[in-house]
Protein chains: 2
Amino acid sequence: MTNINPEWVGLNQFDEDKGLFPADMSYSIQNYRKNILIFRQGGVCDALYILIQGSVKTEMITENGNLLGIEIIKAPRPLAPAFLFSDNNRFPVDVTTLEDAEVLRIPKEEVIRLMTSQPDFMKQFLTHNANRTQFLTNRLQLLSIKTIKGKIAHFLLEQSSEHGSKFVINRNQTELAGFFGVARPSLARSLSEMVQDGVISINKKEYTLLNNEGLRELLL
Amino acid sequence: MTNINPEWVGLNQFDEDKGLFPADMSYSIQNYRKNILIFRQGGVCDALYILIQGSVKTEMITENGNLLGIEIIKAPRPLAPAFLFSDNNRFPVDVTTLEDAEVLRIPKEEVIRLMTSQPDFMKQFLTHNANRTQFLTNRLQLLSIKTIKGKIAHFLLEQSSEHGSKFVINRNQTELAGFFGVARPSLARSLSEMVQDGVISINKKEYTLLNNEGLRELLL
DNA sequence: TGGTATGTGTAACAGATGTTACACTTTTTG
DNA sequence: CAAAAAGTGTAACATCTGTTACACATACCA
């Protein structure tokens, strides 16, 4: 129900750039077979883990069994790097391999050492987390808009600020509905009403904004 | 409408610990009078700004005038430190002083230098951002639950995992409604239904969880 | 090319939440 | 202590969204 589409979630990644890591780095590599639970929600996160091969899914679970959200992560990407340094440094999710996977583990102390000795590593780490925060902020902003038309307006105005008043969205209604967290027919209804009201026009996947004022009013 | 209560937003802060900063740090201090716009949404963020005196409000605006959310920040706290290192390093909000304010400005290069030379500063910076991310993640999780009862259940189970099955919540219904992003009477209705259904009981501000299974089902 | 899968438009209906209003209770304050 | 303020319970009603169902269009594939 509240699944989070992987596409919307993890944007940036540590480049494969092994060059980032010095030869004397202390680390270990773990290999896991398919369908293995590698981190448990609530478990202490005392190292930086980077998925360098394979893919995993993270599930947010509610102490017994109900899922709240799923994210699929493909290599290469760090796993929950933001939590390594939080006061409550515990994994917020279960992590399970989807296929055979290889995980690089760098102990927290070593991460700190790397950060001070390798400015590029530090910048990369900071940038990754910053981008993630920005993504979360944006997502939060979108979710805190109550009405479907408001969400659509927010999204379209954002696109518009990047691509002008006419642009193509390479997503079908089902995907968009998932992104907004609403039902597909409800999205279709709202879209067609907005077209009828003359604030936008739609041709296939090409959207044209006709009345920015009107759109902004929908944000409430 | 979608106001974000300051209390829920910024938890951690750079301690006043001037000791974190070395004597040779290059910085500048800006003073602003009341009701001055000090950062504009979209403006480039090329330095770390720390509010050391006074208070400001941040408004998320939609290119012209409509508010999406307001956050009030009191000194001492950094202003949007997460965005300093993001690929799109622009302020996500307008920042306006509420009273006379004093802002410490540390250029990005200097921040990087500090991080490498002052491990404590680096840890503080990382921890702050990590906590912020964790907060945002949690908030996102809460907002992505659709039903009011689901939000309540999520919140109560979280409290319960920290304080056991009986605990006090020092917030009135109006505040809770704001936190959940719902209308106050709607919250009251949901709460009273949950009491009637016997999953919880409420005495003033003391909540008792009577049926955790039932609560988990409400998460959907 | 024809058939199948996928995507879209739309309608009827049910359910949940917001809005408004008001009585009542509790807390605060002078 | 009394009056005012703040907080709570509840009802009627409006509105929005989800659900389900189905017709139709479009894209894909053998």
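Only this structure's heavy atoms are used, side chains among them; waters, hydrogens and symmetry mates stay out. Just so it is clear: chains get the letters A, B, ... in the order the sequence lines come, proteins before strands, and each one is counted from 1.
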Whole Å only: how far is the CZ atom of B/Arg184 from the P atom of D/dT10? 11 Å
Once you round it to whole Å, what is the distance between P of D/dA25 and CG of A/Asn203? 16 Å
By side-chain contact (heavy atoms from CB on, under 4.5 Å), B/Ile29 pairs with (sequence neighbours left out) B/Tyr27, B/Asn31, B/Ile52, B/Glu102, B/Leu104
Without decimals, in angstroms, what is the distance between A/Lys204 NZ and C/dT8 P? 10 Å
Nearest-Å distance, CG (A/Leu218) to P (D/dT17)? 11 Å
I'd like to know whether B/Asn129 forms a side chain to side chain donor-acceptor pair (under 3.5 Å) with A/Asn129, so could you lay out the CA-CA distance, the side-chain angles of the two residues, the decisive distance to 0.1 Å, and finally the verdict. CA-CA 8 Å; B/Asn129 283 325; A/Asn129 283 325; over 6 Å; no
Sequence neighbours left out, what passes side chain to side chain donor-acceptor pair (under 3.5 Å) with A/Asp100? Give chain and number order. none
In whole Å, what is the span from the CG atom of B/Leu176 to the P atom of D/dG9? 12 Å
Sorted by number, the residues of residues 187-199 of chain A with heavy-atom contact under 4.0 Å to DNA chain C: A/Ala188, A/Ser192
Residues that B/Leu37 engages under side-chain contact (heavy atoms from CB on, under 4.5 Å), provided they are two or more places apart: B/Arg40, B/Asp94, B/Thr96
Distances under 3.5 Å only, N/O to N/O: pair up the protein atoms with those of nucleotides 4-7 of chain D.
from, atom 1, to, atom 2, distance (Å)
D/dG7, OP1, B/Asn172, ND2, 2.8

Donor-acceptor contacts, no H, no angles, side chain residues 192-204 of chain B, under 3.5 Å, sequence neighbours left out:
from, atom 1, to, atom 2, distance (Å)
B/Ser192, OG, B/Arg189, O, 3.0
B/Glu193, OE1, B/Lys149, NZ, 2.9

Apply the test side chain to side chain contact (heavy atoms under 4.5 Å, CB included) to residues B/Ile152 and B/Leu187: give CA-CA distance (whole Å), side-chain angles for both, the deciding distance (0.1 Å), then the verdict. CA-CA 9 Å; B/Ile152 297 171; B/Leu187 178 67; 3.6 Å; yes
State which residues pass side chain to side chain donor-acceptor pair (under 3.5 Å) with A/Tyr49; sequence neighbours excluded, sorted by chain then number. A/Arg105
Between C1' on C/dT6 and CZ on A/Arg171, what's the gap in Å once rounded to a whole number? 18 Å
Across all chains, not counting sequence neighbours, the side chain to side chain donor-acceptor pair (under 3.5 Å) partners of B/Gln30 are none
B/Phe180: partners by ring pair (Phe, Tyr, Trp, His ring centres under 6.0 Å), with sequence neighbours left out: B/Phe155
Bend angle of the helix from C/dT1-D/dA30 to C/dG30-D/dC1, end axes from five pairs each (to 10°): 50°
Using whole Å, report how far NZ of B/Lys146 lies from P of C/dA14. 22 Å
For B/Glu99, which residues count as a side chain to side chain donor-acceptor pair (under 3.5 Å) partner, sequence neighbours excluded? B/Ser55
Nearest-Å distance, CD1 (B/Ile145) to P (C/dT17)? 12 Å
What's the closest nucleotide to the side chain of B/Pro185 if the choices are C/dA21, C/dG18, D/dG18? C/dA21
Checking B/Phe83 now: which residues fulfil ring pair (Phe, Tyr, Trp, His ring centres under 6.0 Å) with it, not counting sequence neighbours? none
